[in-house]
Novice: 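Starting off with a structure, shown below.
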Amino acid sequence: MTEINQLSPEIRANLGARRLPPLPQARFPDAGAAVQTLTSSIRPPGSVDIMLVNPPAPDRGIWIRSQHRVGRRSRENMIWPQVELAQMAALLLPDYAVEVVDCIATRMGWPEFEKLLEQKRPKYYLTQVTAPTLRNDMYGVFLAKALGARTLAFGTHVTPLTLETMRPFPALDFVLRGEPELTLRELLDTLEGKTPSDPRVAKMLAETRLGVERLNVERSNVERSNVERSNVERSNVQRSNVLSDIRGLAWRDGGEIVINPDRPFIPNLDDLPIPRHELLPLQKQRMPMIKGPFTFIVTSRGCPAGCKFCIKHVSYQNSVRVRSPHLILEELHYLADLGVHHVHMYADLFTVNREQVVGLCRLIIESGLKVKWTCNSRVDYVDEEMLQLMGRAGCWYISWGIESANEQILKQARKGYRKEQAVKALTWAKRAGINNWGYFIIGLPGETEETIRETIEYAKSLPLDIALFHIAAPYPGTPFFFEVVQNNWFRAGTNWEEVDMDQSTVLDYPGLPAERLEYWQRRATREWSLRPGPILTFLKGLNSWEGFKSAVSVAWQTVRFMGVGGRGLGAGDRRMEGEGGNQELSGSAGVAGGDGSGGAGVSPDAGVSRP
């Protein structure tokens, strides 16, 4: 470089003509300490210990998420009450400050929810997660993590696919596998150094800790099918981290994902406190054909039936636990005081125990409580006397899992009932003044186009007020799921978010591909729905302004789905249009399907879950 003194005075006056300084040692500033009071590490007044969340929808629609079901979009415009979040709140209060947020009921979008997160700044963030909304739900985890929260997830997707969920989403700290309530409570107590103030909660924690020790001894010689998980669990024995003692928990130990041994089921559901229904947006919990708010009451957990496609194989397996009738009645009175007089008895199989059902009905009748309620059942778990009593106690709708008209398909699916029992049970219900809602599954193993036609005609012959037709879908962890994997029936290139149990399928059978299954689902819906009886059921939903708006929306969605005047949009259509999801399934992945919480129909009422 030219010496500065050799330059003219005019050039020397230009500072850019001087020699460049030597390269210094890098010393980047750390502004964090100076602004700690302004960052997310400081929680503002009004912040909460834990936020229990049903996150915003991916499309601002109404989506169904639940503790023991797989999510779907609600074409019936029914808000699915988040009673499981209210149950968890009851187990945490008063020891923790709790906020329950149901973004679906309040129609809260992501911008508004992000502001709420900033305002409440929870220490812990627990979210519902479903397969069709996986990436959407994980966005909430990302937002909460960015604000310093520890993040948790639960549900029927993360329980059987724990590693497959935690690996691609590093913002997720914990997964509560199986029944989440006590695992959540023990985790928070461990991290916060607290003990339950409610002796019932302490009792349940002690019982499930002791139970798992016995379980581990009994299963010590059982070979795990998942080798990776087995290796992780064996290494847990040697861990000193206190988190390794929390049964039912999956967590991160540095870069490793650790899955602790499973937590035993809660032995006695009567020990659970009544869910804190008042924390839910009750006035937003609506469904067509009902004037005023409604909600769920959990009457039991589990089902003894062996249906290969049912999510119960993931959630409660073959366990069956029922609540005492007097406690259910107490909860009904509690809801009546809150202004809720419409209830769905939420269970895997409401009529699983005749003594409980009869006892509850008699208590309702004797108490004079005015309540209208719905439930589900199997056709082989009822009798005429019990149905008459249910009708007198306020039951006005029962959903029945009928599935197929073909005896061989029913046998292969381990459904376990005879066709003549269906006609008898539905006739008994009609005599008792109870409406019938039938669920049918298209595409179970052994299905052909002839057997589908047989099922459509069978559905039209039964005394049904509503019929919904699903395409069979393999929930991860169910026997049907493993059968699909073994036989290579998964459609190639399927994405998690593409798996919509309401209008698409992941199945591709030889001779019966996804497009044909979707065609027959639409055709079954069209043939059954466009008849005088179902149309009358639809018109009954026009009983209020809200009912009218909802019914119009339901009708429009149903017409689009059926393809009346055009072609319905199925999974194959979306693939061709490039609207698939983002996380492609591996060879061992699949989700969603025939538990009756999805399907098609003109029904304006979706308050009845199927067995």
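All values below come from the heavy atoms of this structure, side chains included, with hydrogens, waters and symmetry mates left out.
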Novice: Mind listing the closest non-hydrogen atom pair of Pro275 and Tyr334 along with its distance?
Specialist: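 Looking at all heavy atoms of both residues, the closest pair is O-CE2, 3.6 Å.
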
Novice: Is a donor on one side and an acceptor on the other found under 3.5 Å between the side chain of Arg276 and the backbone of Ala90?
Specialist: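 It does not hold such a pair.
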
Novice: Any sub-3.5 Å donor-acceptor pair from Thr183's side-chain atoms to Arg247's backbone N or O?
Specialist: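 Between the backbone of Arg247 and the side chain of Thr183 there is a qualifying donor-acceptor contact (under 3.5 Å).
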
Novice: Going by an N to O cut-off under 4.0 Å, is there a salt bridge joining Asp137 and Arg65?
Specialist: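 The answer is yes: the pair qualifies as a salt bridge.
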
Novice: Quick check: do Leu92 and Leu184 have side-chain heavy atoms less than 4.5 Å from each other?
Specialist: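 With C-beta onward as the side chain, the pair touches.
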
Novice: Pair Leu91, Met88 - check side chain to side chain contact (heavy atoms under 4.5 Å, CB included), show working.
Specialist: CA-CA 5 Å; Leu91 281 160; Met88 292 184 209; 5.6 Å; no

Novice: Between Phe296 and Phe294, how do the two ring planes meet: parallel, tilted or perpendicular, split at 30° and 60°?
Specialist: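 The arrangement is perpendicular - the two ring planes meet at more than 60°.
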
Novice: As an exercise, state the distance from OH of Tyr124 to CG of Leu188, rounded to the nearest 0.5 Å.
Specialist: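 The CG atom of Leu188 is 5.0 Å from OH of Tyr124, to the nearest 0.5 Å.
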
Novice: Report yes or no: does Ser461 contribute a side-chain atom to a donor-acceptor pair with the main-chain N or O of Tyr458 at less than 3.5 Å?
Specialist: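 Flag set: sc Ser461 to bb Tyr458 pair under 3.5 Å.
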
Novice: Which heavy-atom pair separates Thr351 from Ser377 by the least distance, and what is that distance?
Specialist: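 Smallest heavy-atom distance, with atoms named: OG1-OG, 2.7 Å.
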
Novice: Just so I know, are the side chains of Leu389 and Arg392 near enough to count as touching, which here means a heavy-atom distance under 4.5 Å?
Specialist: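 Yes; the side chains approach each other to less than 4.5 Å.
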
Novice: State whether the side chain of Tyr397 and the backbone N or O of His344 hold a donor-acceptor pair below 3.5 Å, judged by distance alone.
Specialist: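 Checked: no pair found.
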
Novice: Is any side-chain heavy atom of Leu329 less than 4.5 Å from a side-chain heavy atom of Ser367?
Specialist: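 SC-SC contact between Leu329 and Ser367 confirmed.
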
Novice: Please identify each residue that fulfils salt bridge (Lys or Arg N to Asp or Glu O under 4.0 Å) with Glu181, with sequence neighbours left out.
Specialist: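 Here the qualifying residues are Arg301.
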
Novice: Going through the distances and angles, do Leu272 and Ile266 end up as a side chain to side chain contact (heavy atoms under 4.5 Å, CB included)?
Specialist: CA-CA 9 Å; Leu272 288 168; Ile266 298 169; 4.0 Å; yes

Novice: Between Arg321 and Asp270, does the salt bridge (charged side-chain N to carboxylate O under 4.0 Å, His left out) criterion hold? Intermediate values first, please.
Specialist: CA-CA 9 Å; Arg321 294 151 294 158; Asp270 286 350; over 6 Å; no

Novice: For Glu447 and Ile409, indicate whether the former's side chain and the latter's backbone hold a donor-acceptor pair under 3.5 Å.
Specialist: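 Checked: no pair found.
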
Novice: At what distance, to the nearest 0.5 angstrom, does CD1 of Ile364 lie from CD1 of Ile328?
Specialist: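 It is 8.5 Å, given to the nearest 0.5 Å.
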
Novice: With side chains defined as the heavy atoms from C-beta onward, is the minimum distance between Met390 and Val382 less than 4.5 Å?
Specialist: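 Met390 vs Val382: side chains apart.
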
Novice: Can you tell me how far CG of Leu280 sits from CG of Leu338, rounded to the nearest 0.5 angstrom?
Specialist: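 It comes to 10.0 Å.
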
Novice: With Glu407, which residues qualify under salt bridge (Lys or Arg N to Asp or Glu O under 4.0 Å), at least two apart?
Specialist: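 Residues passing salt bridge (Lys or Arg N to Asp or Glu O under 4.0 Å) with Glu407: none at all.
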
Novice: Look up atom CG in Asn436 and atom CD1 in Ile466, then write down how far apart they are to the nearest 0.5 Å.
Specialist: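 With rounding to 0.5 Å, CG (Asn436) is 10.0 Å from CD1 (Ile466).
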
Novice: With a 3.5 Å distance limit and no angle check, can you tell me whether Arg414 reaches the backbone of Lys411 through a side-chain donor-acceptor pair?
Specialist: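 Checked: no pair found.
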
Novice: Would Arg354 and Glu385 count as a salt bridge (charged side-chain N to carboxylate O under 4.0 Å, His left out) if you check the C-alpha gap in whole Å, the side-chain angles of each, and the deciding distance to 0.1 Å?
Specialist: CA-CA 11 Å; Arg354 189 183 193 277; Glu385 179 185 353; 3.6 Å; yes

Novice: Could you tell me which non-hydrogen atom of Gly391 sits nearest to which non-hydrogen atom of Ile434, and how far apart they are?
Specialist: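 Nearest pair, atom of Gly391 first, then Ile434: N-CD1, 3.8 Å.
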
Novice: Would a 4.5 Å heavy-atom cut-off, applied to side chains only, mark Leu52 and Leu279 as touching?
Specialist: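 No, too far: nothing below the 4.5 Å cut-off.
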
Novice: Just jot down the side chain to side chain donor-acceptor pair (under 3.5 Å) partners of His277, sequence neighbours excluded, or say none.
Specialist: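 Counting only residues at least two positions away or on another chain, His277 forms a side chain to side chain donor-acceptor pair (under 3.5 Å) with Glu331.
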
Novice: Residues two or more places apart in sequence or in another chain: which of them pass salt bridge (Lys or Arg N to Asp or Glu O under 4.0 Å) with Lys424?
Specialist: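 By the salt bridge (Lys or Arg N to Asp or Glu O under 4.0 Å) rule, Lys424 matches no residue at all.
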
Novice: Sequence neighbours left out, what pairs pass ring pair (Phe, Tyr, Trp, His ring centres under 6.0 Å) with at least one residue falling in residues 363-382?
Specialist: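 Residue pairs with at least one partner in residues 363-382: Phe350-Trp373.
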
Novice: For the residue pair Ala336 and Leu369, what are the closest heavy atoms and their distance?
Specialist: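 Residues Ala336 and Leu369, closest heavy atoms: CB-CD1, 4.2 Å.
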
Novice: Check for a donor-acceptor pair, side chain of Thr159 on one end and backbone N or O of Arg177 on the other, with a separation under 3.5 Å.
Specialist: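 Absent.
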
Novice: Stepwise, does the side chain to side chain contact (heavy atoms under 4.5 Å, CB included) test hold for Val484 with Val506?
Specialist: CA-CA 10 Å; Val484 171; Val506 298; over 6 Å; no

Novice: Does the side chain of Leu387 reach to within under 4.5 Å of the side chain of Ile398, using non-hydrogen atoms?
Specialist: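 Heavy-atom side-chain distance check passes, below 4.5 Å.
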
Novice: Judged by atom type as modelled, is there a donor-acceptor pair below 3.5 Å linking the side chain of Asn136 to the main-chain atoms of Pro56?
Specialist: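 Judged by distance alone, yes, a pair lies under 3.5 Å.
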
Novice: Check whether Asn435 reaches the backbone of Trp396 with its side chain - one donor and one acceptor, N or O, closer than 3.5 Å.
Specialist: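 Yes; judged by distance alone, with no hydrogens or angles, the pair exists.
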
Novice: For Ile402 and Tyr417, what are the C-alpha separation, side-chain angles and deciding distance, and is it a side chain to side chain contact (heavy atoms under 4.5 Å, CB included)?
Specialist: CA-CA 9 Å; Ile402 300 169; Tyr417 83 88; 3.3 Å; yes

Novice: Taking atom CG of Leu182 and atom CZ of Arg263, what is their separation to the nearest 0.5 Å?
Specialist: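 Here the interatomic distance stands at 5.5 Å.
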
Novice: Looking at side-chain heavy atoms only, is the closest gap between His313 and Phe481 below 4.5 Å?
Specialist: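 His313 does not reach Phe481 side chain to side chain.
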
Novice: Kindly give the heavy-atom pair with the smallest separation between Trp528 and Lys460, and that separation in Å.
Specialist: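 Answer, listing the atom of Trp528 first, then Lys460: CD1-CG, 3.7 Å.
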
Novice: To the nearest 0.5 Å, tell me how far Ile471 CD1 sits from Gln521 CD.
Specialist: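 Rounded to the nearest 0.5 Å, the CD1-CD separation comes to 4.0 Å.
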
Novice: Ignoring hydrogens, what is the shortest heavy-atom contact between Asp102 and Trp80? Give both atom names and the distance.
Specialist: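 Looking at all heavy atoms of both residues, the closest pair is OD2-O, 4.3 Å.
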
Novice: Run the side chain to side chain donor-acceptor pair (under 3.5 Å) test against Gln128 and tell me which residues pass, sequence neighbours left out.
Specialist: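 Listed in chain order: Gln82, Glu84.
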
Novice: Are there over 12 heavy-atom neighbours, none belonging to Glu355, within less than 6.0 Å of that residue's CD?
Specialist: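 No, the 6.0 Å shell around CD holds no more than 12 heavy atoms from other groups.
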
Novice: Any side-chain heavy-atom pair from Leu444 and Asn406 closer than 4.5 angstrom?
Specialist: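 Answer no - side chains too far apart.
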
Novice: For the side chain of Thr478 and the backbone of Cys310, is there at least one donor-acceptor N/O pair under 3.5 Å apart?
Specialist: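 No, the answer is negative, given that no donor and acceptor are paired below the 3.5 Å cut-off.
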
